[in-house]
Amino acid sequence: MTSRVSLPGVPSSGVDVCTVAVFAPMFPPAFLGGGPIRTLDALVRSAPPQFVIRVLTSDRDLNAKVRLPIPSNRWTTSDGVDVYFASVDQVVRLAQAFFRLRKHHPEILYYNSFFSAKLSVLPQFLGLLAFWGSARRLVAPRGEFGEGALRRRSLKKRIFMFAYRVAGLHRGVYWHASSEAEAFDIAAVWGETAQILVREDETGLPAAPLAVVEDAREHPGLRGIFLGRIVEHKGLLILLKGLAEIAAPVRLDVYGPLEDKSYAEQCRQAATRMPSNVVVTFKGPVRPEDVRSTIGAYDVLFMPTAGENFGHIVAESLSASCPVVCTPFTPWGSVLLGGGGVLVKDRSIDSWAKALKDYANLNREELGSRRISAGLAYSRWWASAKSPHVLEIFAAGESIASVNFHKSPERFER
């Protein structure tokens, strides 16, 4: 059976210092890559003090042609974190970065992606040559083994997975899953012997949700927001086609980088074909520090995603007292239903049109009540008991009890 690391009751490792190397395709001030960047930032900053963490990342944001406004190709301190922003497209610079990181003798290698060629694939293969000594590996695939994610560029991904298995790299690696659903996805790819540590992602969000401000407008209609990368996986086109079928007044503001230009153009064309009662505006990317206040100005966040291993934006939306209309393919189902939200059973246009119609027909009092419910749901979630930090669990090593992961977690058909 697939073994899963048991979480409760793991003690701190005390005063022992543990050096951790984090490999990440992007790290702040990069932000266009969305939730995985914010999740990793929270993971690094929330680590117990016995962990000395150094991050190796790219000096460019997602699909950016210019460097980030930070020093490149040397160690620098970014908001208190030691980070090496490397010019990863230059072979010499990337090699230099690896050698400079190795000088710190990391004991744990944490990979914030599985398929990143230069900041996961290559350094893991270097491990076959003992480049990193006896350091232990913890890989966070961030939803990359979900069914929808594996379908994108599937041939390239399957070639790498085949090579990874043939090289024996799947042996001795631990996987960090953000939920039991993601653990199931990992086990489906790597088999019943996969060692999976399940620990919900960090968020770095405050304990209290934003207060709901009373809406003084007379007949404003529904104010909806979509916030995410403009790619098929996130489902904006489904949302737009669903909106085109309703008669109630709706304003939808779309935030996020145009990652897939072809798909983004389809979305823009769909937006131009809306009936007069629906107004769609593309607002562009929003900086992480502005996400909560931005979401807080809306009645509801729409999320027709094909699947999320965690769904950082859901936590941010609830923390802004904004309910979420979402597919069931995230770990947040019960929280959303208790927080004024809606789970749309699938990603069909008909299902979304019906859900959108029902939500758009709510009056201002009902919308306000749902916003209050979202804030209360967030407070309950934030106050729930949390396991020790993922690095603390992993570093505990042999003191962690292993249990059999002998049934699939609850899943919804996709």
Side-chain angles (χ1 to χ4, degrees), residues 5-28 36-58 70-71 73-86 95-113 116 119-120 122-124 126-140 142 169 172-178 195-204 385-402:
V5 176
S6 177
L7 302 184
V10 177
S12 168
S13 56
V15 297
D16 292 340
V17 173
C18 182
T19 304
V20 181
V22 173
F23 298 81
M26 287 164 283
F27 191 77
I37 302 175
R38 298 196 292 279
T39 292
L40 180 63
D41 188 36
L43 181 149
V44 169
R45 296 183 188 285
S46 62
Q50 67 264 28
F51 293 97
V52 177
I53 299 177
R54 292 179 176 87
V55 180
L56 174 57
T57 188
S58 170
I70 40 79
N73 303 308
R74 65 180 178 85
W75 287 109
T76 185
T77 301
S78 178
D79 292 331
V81 179
D82 289 335
V83 187
Y84 196 105
F85 293 95
Q96 183 183 64
F98 288 156
F99 278 103
R100 290 182 176 177
L101 179 59
R102 188 175 69 166
K103 286 182 179 180
H104 295 285
H105 305 290
E107 300 163 71
I108 293 175
L109 307 175
Y110 185 93
Y111 295 94
N112 200 50
S113 169
S116 173
L119 291 169
S120 183
L122 180 56
Q124 287 197 71
L126 285 175
L128 293 174
L129 306 175
F131 186 85
W132 307 109
S134 58
R136 300 165 65 210
R137 286 176 295 145
L138 181 58
V139 179
R142 303 297 178 207
L169 280 168
V173 66
Y174 279 78
W175 304 97
H176 174 197
S178 300
Q195 300 182 96
I196 305 170
L197 191 162
V198 183
R199 172 58 163 88
E200 186 178 73
D201 286 340
E202 306 288 345
T203 65
K386 296 292 192 294
S387 303
H389 193 279
V390 65
L391 292 177
E392 193 172 7
I393 298 167
F394 187 61
E398 62 276 6
S399 69
I400 303 174
S402 292

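Keep in mind it's a predicted model, so treat the numbers as computed, not measured. Computed over heavy atoms, backbone and side chain alike; hydrogens, waters and symmetry mates excluded.
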Do [X] and [Y] have side-chain heavy atoms sitting under 4.5 Å apart?
{"X": "Met26", "Y": "Leu40", "result": "no"}
{"X": "Leu43", "Y": "Val390", "result": "yes"}
{"X": "Val44", "Y": "Glu202", "result": "no"}
{"X": "Leu101", "Y": "Trp75", "result": "yes"}
{"X": "Gln195", "Y": "Val173", "result": "no"}
{"X": "Phe85", "Y": "Pro71", "result": "no"}
{"X": "Phe131", "Y": "Phe99", "result": "yes"}
{"X": "Leu138", "Y": "Leu109", "result": "no"}

Sequence neighbours left out, what passes side chain to side chain contact (heavy atoms under 4.5 Å, CB included) with [X]? Give chain and number order.
{"X": "Ser58", "result": "Arg60, Val88"}
{"X": "Asp41", "result": "Phe27, Pro28, Arg45"}
{"X": "Ser113", "result": "Pro25, Ser116, Glu144"}

(message) Hydrogens and angles aside, do Tyr84 and Arg54 bring a side-chain donor and acceptor to less than 3.5 Å of each other?
(response)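 No pair is found: no donor N or O on one side chain lies under 3.5 Å from an acceptor on the other.
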(message) Can a side-chain donor-acceptor contact be found between Tyr110 and His176 if the only test is distance below 3.5 angstrom?
(response) yes
(request) Kindly state whether the ring of Trp132 and the ring of Phe23 have centres lying under 6.0 angstrom apart. (result)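 Between Phe23 and Trp132, which both carry aromatic rings, the centre distance is below 6.0 Å.
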Which pairs would a plain distance check flag for residues 76-83, meaning a side-chain donor or acceptor within less than 3.5 Å of a matching protein atom at least two apart in sequence or in another chain?
none

(request) With side-chain contact (heavy atoms from CB on, under 4.5 Å) as the test, would you mind laying out the steps for Gln124 and Leu122 before giving the verdict? (result) CA-CA 5 Å; Gln124 287 197 71; Leu122 180 56; over 6 Å; no
(request) Just do the side-chain contact (heavy atoms from CB on, under 4.5 Å) check on Ile53 and Val22 with the steps written out, would you? (result) CA-CA 7 Å; Ile53 299 177; Val22 173; 3.7 Å; yes
(request) Would you give the length of the straight line joining atom OG1 of Thr19 to atom CD1 of Ile108, rounded to the nearest 0.5 angstrom? (result)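 Interatomic distance, Thr19 OG1 to Ile108 CD1, rounded to 0.5 Å: 9.0 Å.
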(request) Give the minimum heavy-atom separation between Asn112 and Pro36, together with the two atoms involved. (result)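 Nearest pair, atom of Asn112 first, then Pro36: ND2-O, 3.5 Å.
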(request) Specify the closest pair of heavy atoms between Ser178 and Arg142, including all atoms of both residues, with the distance to one decimal. (result)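 Closest approach of Ser178 to Arg142: OG-NH1, 3.7 Å.
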(message) Ring of Tyr111, cation from Arg137 - is the NZ or CZ under 6.0 Å from the centre and inside 45° of the axis?
(response) no
(request) Verify, without hydrogens or angle tests, whether Thr57 (side chain) and Ala24 (backbone) share a donor-acceptor contact under 3.5 angstrom. (result) yes
(message) Taking Leu391's backbone N and O only, do any of them form a donor-acceptor pair with His389's side chain (distance below 3.5 Å, no angle check)?
(response) yes
(message) Just to verify, what does Glu107 make a salt bridge (charged side-chain N to carboxylate O under 4.0 Å, His left out) with, not counting sequence neighbours?
(response)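 Scan of Glu107 (salt bridge (charged side-chain N to carboxylate O under 4.0 Å, His left out), adjacent residues dropped) gives none.
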(message) Under the criterion side-chain contact (heavy atoms from CB on, under 4.5 Å), I'd like the reasoning laid out for Phe394 against Leu197: C-alpha separation, chi angles, the key distance, then a yes or no.
(response) CA-CA 8 Å; Phe394 187 61; Leu197 191 162; 4.1 Å; yes
(request) Return the set of residues passing ring pair (Phe, Tyr, Trp, His ring centres under 6.0 Å) with His105 (not counting sequence neighbours), or none when no residue passes. (result) none
